[in-house]
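Atoms within a ligand are numbered from 1 in the order they appear, just like the ligands themselves. Side chains included, hydrogens not; waters and symmetry mates left out as well; all remaining heavy atoms used.
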Amino acid sequence: MPFYDPDKIEILIDGPTIAQRVAELGAQISADYRDVGGDLVVVAVLKGSFLFLADLVRAIDLPIEVDFLGLSSYGSSEETSGVVQVTQDLTRPVKDKHVLVVEDIVDTGLTMQYLLDNLATRRPASIKVASLLHKPARTRVEVPVHYLGFEIPDRFVVGYGLDYVSKLRNLPFIGVNVGEGPPYPA
Ligand code: IMP
């Protein structure tokens with residue numbers, strides 16, 4: 001028996017498909033920023049983006065910086081309220097640098113909108129967004145996603161960084177919880 005219950009997790013996007021898409025995004029980002037000049041800092045939004053970040057930065061063929069921003073949004077576990085708190089700030093200023101925000105998923109868009117407004121006050125040279133996933137059916141505010149991994153249906157997903165009540169971030173694929181109860185042994 002694996003650490004999750006395979007009867008309760010349906011694989012939506014398998015590991016090799018994720019790897020292939022992340023490689024494509026890395027190549028695209030490398031080409032787009034190669035000749036822009038100035039520093040590129042990849043800002044990862046904790047915690048959900050950590051695996052996407054780790055794979056994506058290794059697919060970027062440029063001398064980038066990496067920094068982290070911790071955000072927590074109030075609301076029920078499966079629905080953001082749009083009220084966002086910075087729980088961990090960047091360690092260095094991004095003024096005059098090119099910022100690439102790396103997020104796990106843009107769902108309603110409320111978190112990303114808050115983040116983009118917050119980062120804009122720091123006067124970076126530019127801001128772009130890379131998100132592994134996007135659920136277009138749930139959009140409440142339109143936010144730009146310049147580099148998108150996959151559009152997904154309106155289902156709650158887990159794995160490859162995304163959690164189910166803080167667990168299962170370490171699944172090597174993106175899955176959907178099906179059936180009753182938690183998708184791991186008690
Ligand atoms: P938004 O503000 O509604 O766009 O939500 C963004 C945040 O909600 C993401 O960064 C995730 O942390 C969380 N989230 C939204 N949908 C899911 C999901 O299907 N699985 C796990 N986390 C999710």
For ligand 1, which is the ligand I care about here, please tell me if [X] has any N or O atom under 3.5 Å from one of the ligand's N or O atoms.
X	value
Thr111	yes
Met112	no
Phe156	no

Atoms of ligand 1, numbered as shown, that sit under 4.0 Å from any heavy atom of [X]:
X	result
Thr108	1 (P), 2 (O), 3 (O), 4 (O)
Lys135	16 (N), 17 (C), 18 (C), 19 (O)
Glu103	10 (O)

Is there side-chain contact between Arg92 and Val41, with at least one heavy-atom pair below 4.5 Å?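 In short, these two side chains do not touch, never coming nearer than 4.5 Å.
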Would you say that Arg122 contacts Leu90 through its side chain, given a criterion of any heavy-atom pair below 4.5 Å between the two side chains?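 Heavy-atom side-chain distance check passes, below 4.5 Å.
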Would you tell me which option among Asp107, Ile105, Leu110 has the nearest heavy-atom contact to atom 23 (C) of ligand 1?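 When every heavy atom of Asp107, Ile105, Leu110 is considered, Ile105 comes closest to atom 23 (C) of ligand 1.
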Using 30° and 60° as the class boundaries, would you call the ring planes of Tyr160 and Phe52 parallel, tilted or perpendicular?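 Aromatic pair Tyr160/Phe52 classed tilted.
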Residue of the set Ile152, Ile105, Ile11, Val157 for which side-chain contact (heavy atoms from CB on, under 4.5 Å) holds with Ile174: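 Single side-chain contact (heavy atoms from CB on, under 4.5 Å) partner of Ile174 among Ile152, Ile105, Ile11, Val157: Val157.
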Gly48: heavy atom below 4.0 Å from ligand 1, yes or no?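 It does not; every heavy atom stays at 4.0 Å or beyond.
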With a 4.0 Å cut-off on heavy atoms, is Arg155 in contact with ligand 1?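 Flag set, Arg155 near ligand 1.
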Report the distance from atom CD of Gln88 to atom OG of Ser72, rounding to the nearest 0.5 Å.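 Rounded to the nearest 0.5 Å, the CD-OG separation comes to 12.0 Å.
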Checking Lys8 side chain against Tyr184 main chain: does a donor-acceptor pair fall under 3.5 Å?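 No; judged by distance alone, with no hydrogens or angles, the pair does not exist.
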Answer with side chain, backbone, both or neither: which part of Asp104 has a heavy atom less than 4.0 angstrom from an atom of ligand 1?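 Side chain only.
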In plain terms, say whether Asp104 and Arg169 are close enough for a salt bridge, that is, a side-chain N and a carboxylate O under 4.0 Å apart.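 Judged by the 4.0 Å cut-off on N to carboxylate O distance, Asp104 and Arg169 do not form a salt bridge.
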